[in-house]
Amino acid sequence: MVWHLDLVLLLFLVATAIGVYRTKDLLGAAIIFSAYSLTMAIVWQQLSAPDLALTEAAVGAGVTTVLFLITISRTTRREDD
Amino acid sequence: MKLTDQFPILIIEVPLIAAALMPIIGHWRRKWCMPFATLALSITSMIGYYLMLAVNKSGPISYHVGAWKPPFGIEIYFDHIAAFAFIIALFGLLIVIFSKNYAEHDLEEEKIPIFYTLVMLTLTGMIGFTVTGDLFNLFVFMEILSLSGYALIAISGQMLTAMASFKYLLVGAISSLSVLFGIAFLYSITGTLNMHDMAKMLEVARAPHVASVALTLFVLGFSVKAALFPLHIWLPDAHALAPSPVSAILSGLTVKMGIIGMIRIFFVIYGVHSAINVMPIMEILAWMAAATIVLGAFFAFFQNDIKMMLAYSTISNIGYIVLGLSMAPFDKSKVAYALVGSLVHVFNHAMIKVLLFLCAGAIIYRTGLRKLSDLQGIGKKMPITLAAMSIGVISIVGIPPTCGFTCKWFIALGAMEGGKSLFAALLLFGALFIFAYYIKILNTAYFREPTEAIANVKEVPLSMLIPIVILAAGCLVLGAGTLGYVPIKFIEPAAMALLGR
Amino acid sequence: MQEVVDIRPLLAPAISIICAFLIFWKGENTFLRRFFSLSAAVTKWIIVLSMFPVSLKGIIFTYELLPFAPGISLNLRVDALGMFFSMVSSTLWIITTVYAIGYMEGEHARKRFFAFFALCVSTTVGIAYAGNLFTLFIFYEMLTISTYPLVIHKETPEAMKAGRKYLFYTLTGGAVILFAIVMTFYLAKTTTLSQNGILSIEHGVHTLTLLFALFIAGFGVKAAIMPFHGWLPSAMVAPTPVSALLHAVAVVKAGVFGIIRIVYNVFGVSLMKELGVGPILGWVACITIVCASIMALLQDEFKKRLAYSTVSQLSYIVLGAAILNPLGALGAIVHIVNQAFMKITMFFVAGSIARKTGKKNISEMQGIGYKMPITMATFTVASVGMMGLPATAGFITKWYLLNGALEMKPPQIGFVIVLLLSSFLNASYFLPIVYRAYFVKPLDGDIAVGEAHWTMLVPCIICALYIVALGLFTDLPFVPIQLARVAVEQFFR
Amino acid sequence: MNKKVQNYFVLIVMLLCWAVFLFAVAEMPLMGDPGNITNTHVVPRYLEKGVEEGGAPNIVTGIILNYRGYDTSGEVTVIFTALIGVLAVLKRENIKKDKSLVEISPVKTSVIVTTVVKFLTPLIILFAIYMILHGDVSPGGGFQGGAITGGSIIAFTLTFGLLATMRKFRLSIRIPLESSAVLAFIASGLVAMFFGLPFLTFLIPGFGFHTQELIRHALFIIIEIGIGVATGIIFASIFAAMGKVSKE
Amino acid sequence: MTFLSKLGTNFNYVISTLLFVIGLYTIITKPNLIKKFMGLNIMETSVFLAIVSIGAVRDGKAPIVESATKVQYVNPLPQALILTGIVVAVSTTALALSLMIKLYEQCGTLNADKLKEFE
């Protein structure tokens, strides 16, 4: 049943979100964040919104993550400075 | 349909076209940017003027983009409140004229077209925000004006500007999100996005909790944009560190968008007929506004930096406006003094604050100094600018016969009417406090001997003087006389319409 | 009663404003400056004078000026009282200008000084001619603003401090007044002054009492009713013509004038009687009279002493207004002009002495009478007037006030006692100066006569003569007291 | 320690907010219920008439371009604003003065990567073009395609560096392309205005039925291409501006 | 229908509000600006999730009409809105990140507490 899969995915979303919060290494956080976005894309696919799934995959997981990465490489990896 | 029927959309599109073409023009001919922007904005303000007259003559204009009847398409609803678009265009024009010398003087060569593009974009966003009749469209335009605003603050690239801009961005983004979430909640119970349709559906919707939470989210979001007291932290830095023309835009016009958003939410969507009683949140707003007035004035008192002072006075004036809004009477028996007053003050404060920031900009442009203590005797060096500034000061304090007085009179009257004499007193004494710190400006400007730091300062060039003088004249002329009636006469039907009478 | 629309009420203030701008424009040139000031002063005086006989017939001039917002507009209206006040101020303006021209020789920023001087007087006339509370308020605030540069004219830290104090007091008062006006407008739906009050008892006794208190507090600041008198003595740092203007003509008189307006034109006699706030106001005035006189005794600086005497004298007027019967009112109104002339003489004298000998304290003034006999003579006349001895202006006031107090039912013996006591106190703080001036040899022993410059001497003489004239000829057709009688008739119809 | 306490306090406040939200949530119409007002009030028209009115089997595309086309024009304005903002904060990259991170990074890009990217980029761009042109019948559209294009360009830059990539688009071409989306929208809106119709009307009367369809489709394509190209270039430019490192 | 069972049905909203709150918590408590922005992105996506869930219909097909046969589609309008929303989100992020780069060039740190010292 689709709705149960959804349930798992949603809980995974929460897990990744908390992971983003707890990770000290910004690079890791960025990666986790892209995982979060991808999960979100799947959730939207499950909610039968393919356009959004595509967009989120391309933008959320793709471009946003790349932007985060490049910012981190331009500035710093460690969270405390 | 005739061309004049297309005006409601053209007033948004003309500056947008200008913004889109600006980088291209700027890439070929740097010199043409400013004339081009001026041209576009003058066309826009003519359109706005026409629309304003039309609205005044024959009521609100509804324009259906793509010929889709609302709620299926997007409606542009040009009512009396939307007439503020004309003000935005007009003042934008003045500010662009002013910033010619600034841009050549302070910005590096390649940022000039970017500067004008951003100015056009933010004006577009504001105009769209003001005139749109669709809630989600409102959100989109809010994003346009906010993003360009953030960028404009940091454009000079000086130390700390990036920080101020970032602070603003973070808070602003959260506020936009809360607005979006509010839209989501409302959509879920009304199934539409058109404001008027939404108001209709909201009356039949059976979900008080959802509606109240949505209302709270809206109020939070827009209070951040309007810098109401607990949420004003971002404002002083942003408005003080931005380049002066930008501060004029932000402080005179952008902040008003929060107010206009609140007006739309309170009176158009929730409205007088709605099942949700907005009165309690009005009470809270009234107290927040009171705190804003007092604290804004209080902090401004201890500033030495002119622009900081002006920024804080913006906060306290926003307090006036919101106070007036929050005391709008919902029962038919009463006259809507307070509402009229605050609506007029939206316009008046825009004029005064743009004037003041442009004057500050002129001073900084000539002297490079912004500390009050360094500017002793500047009045003897830059007589016209300082005369204009004094007019602005007198009007923002609300001493008759300048335009600042009328709104205070009305808001105080409204407070009396609402049986909140305390607020009336607070308002009047707040004005007093404001004067207490503005008198410092006048003192240093006129009653001190010029220091050698500004020994050879000249009056600013003509392109800066013209806007200043025009605005100063406006402050005087619109304060009294038959012209003084004009804003009130214009706004009264708007207030009546908002209260559903 | 009969009302005529006439442009002259507008012209009178306009003249001085124009003059002010002319001075701003071409003020560096000494001759032009003097020419502008004097010609404007005279023109204005003539205009006012031309209205005098008409308004003596009880006719009221009105002139509708700019409307502001719905319900509030700027309109001018000259009844006998306003006429009276404008007469005083415009007459004294000429004298003060002449004096100032002499006094300000070699001062800095004379352009600014004379410009704001003119502005200040025009606003005073505006207050006199205000047709509604709103107009009154506007001119009242403009007066505050335009006086500020005069007060801080010296630009010394002390002057700045005094200026800040002045602004703080007066602007706070202004805010209170504005609040009260808003309240009035909300209650009565109008602010137009009418001959017997615009408020009525059904607005509720408590509200009205509060309103009255607010108004008195507001105007009391400029009228220097205790405890709102603090700004007055410290504003003494201003140049003498300014303090003369402040104390005798413009500012403080604006305050008491406002109070009279409130009592008679906003509340009206009948309502005041119903509220029963008259005696309370009267007692406040009495306290001020006595306390200020005692304070004056303790001062050694000449101008300070004069300042406190002003505070006490002003309260005579308030007291007269509070007595609420024709005689009291007459006394109050007449005292506006009397006190103006007496006090201005004293300040002129103080200024001349300071300019001539540089002495500011009374203790240094031994034998000043030998040096400047005429000046001190005029001072003597003025102080006699202050004591209220017969054949001087002061006597008239006292006479009417006493009768008024006795005619009250029940007769307020307290007021009578206070009045008598105060004239005793006046004597006790003015006579020592006179004594010291004539009967004590100067320390340095030189008794060479050296009067001040004629521009400063002549005004003193004129004023002194006028004081006597006011005291003697009370029944001639064209003396101010007749106008005062008309005003009183208008109030007590 | 103090900070910890603060954080706990914030946490509690947040949980309270969540509780408040939950109250609203419990009152919201049941999720997935076809009878919800959201599914009965406005939307049915989109679903029933969407194909012939909106002119796209993919209703979402129909809404984006046609019913609520104005939102989309605002959206492209937003991303244009973002680009200009980025350029205002960090200047545009300068081929002579700046390098990209790859060029200064100590690690040498391996041959495998370069080959794969060389091989893949055209395919990705092809896919993007397909998506752009096919947006009205299948998922995807101008924006997604543009994002993918941008991604591919970014990948190319990451591999071969700023110099190699940006020489491929000269500034005088890039700048017009960046604002092409906004301009495309305005242009197609002005077409309607020219015929005296409201802004962004696509079905222009006065022609035969098929001509109308054709014009509408043409306008759609123009807009889609505009959005796609602009989005791609804008992402590339933002990336270039952020990823540049000045030589000194 | 009881509180909890309604929450069970509206589980997506529950999660999305939770994510909203988590994002806000990240923004408030984390000193690092990049982290703050990840939090902001989480907030944004959570709002989008809520809006899409509003449009969801049980076993509804994606709103792409192949045939004239009557089938139950999901609500396309929220999807159209969210498409705009995502663009807005990425634009905000890009601007914010470029500001951070500028900030780091000027101040050498991205820690809000340390940045306070520069004011």
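What you are looking at is a predicted structure, and each value in this text was computed from that prediction instead of being measured. Lettering follows sequence order; numbering is per chain, from 1.
- For E/Tyr13, no part lies under 4.5 angstrom from a heavy atom of chain B.
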**Prompt:** Should B/Ile183 and E/Ile51 be marked as a side chain to side chain contact (heavy atoms under 4.5 Å, CB included) after you check the CA-CA gap, both sets of side-chain angles, and the distance that decides it?
**Reply:** CA-CA 9 Å; B/Ile183 294 175; E/Ile51 297 182; over 6 Å; no
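- Considering every non-hydrogen atom in both B/Ala184 and E/Ile54, the closest pair reads O-CD1, 3.3 Å.
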**Request:** For E/Leu81 and B/Tyr187, run side chain to side chain contact (heavy atoms under 4.5 Å, CB included): C-alpha distance rounded to whole Å, both residues' side-chain angles, the deciding distance at 0.1 Å, then the answer.
**Result:** CA-CA 11 Å; E/Leu81 302 184; B/Tyr187 176 73; 5.6 Å; no
**Prompt:** E/Leu115 and B/Phe166: side chain to side chain contact (heavy atoms under 4.5 Å, CB included), yes or no, with the steps?
**Reply:** CA-CA 12 Å; E/Leu115 280 171; B/Phe166 186 84; over 6 Å; no
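- When every heavy atom of E/Phe37 is checked against every heavy atom of B/Leu169, the shortest pair comes out as CZ-CD2, 3.2 Å.
- Looking only at heavy-atom pairs under 4.5 Å with chain E, the residue among B/Phe136, B/Tyr150, B/Phe139 that has the most is B/Phe136.
- Per-residue counts of heavy-atom pairs under 4.5 Å with chain B were compared for E/Ala96, E/Ala50, E/Ser91, E/Gly23; the largest is that of E/Ala96.
- Annotation for B/Ala173 and E/Leu40: closest pair CB-CD2, 3.4 Å, computed over non-hydrogen atoms.
- Residues E/Cys107 and B/Met163 are in side-chain contact: their nearest non-hydrogen atoms beyond the backbone lie under 4.5 Å apart.
- Here CG of B/Leu177 is found 8.0 Å from CD1 of E/Ile27. Values are rounded to the nearest 0.5 Å.
- When all heavy atoms of E/Gln106 and B/Ala162 are compared, the closest pair comes out as OE1-CB, 4.1 Å.
- Rounding to the nearest 0.5 angstrom, the gap separating the CE atom in B/Met159 from the CG atom in E/Leu103 is 8.0 Å.
- With rounding to the nearest 0.5 Å, the separation of CD in E/Glu44 from OG in B/Ser176 is 8.5 Å.
- Side-chain contact between B/Val140 and E/Val88 is absent, with no heavy-atom pair separated by less than 4.5 Å.
- Contact of E/Thr92 with chain B is made through backbone and side chain together, with heavy-atom distances under 4.5 Å.
- The shortest side-chain heavy-atom distance between B/Leu170 and E/Leu33 does not fall under the 4.5 Å cut-off.
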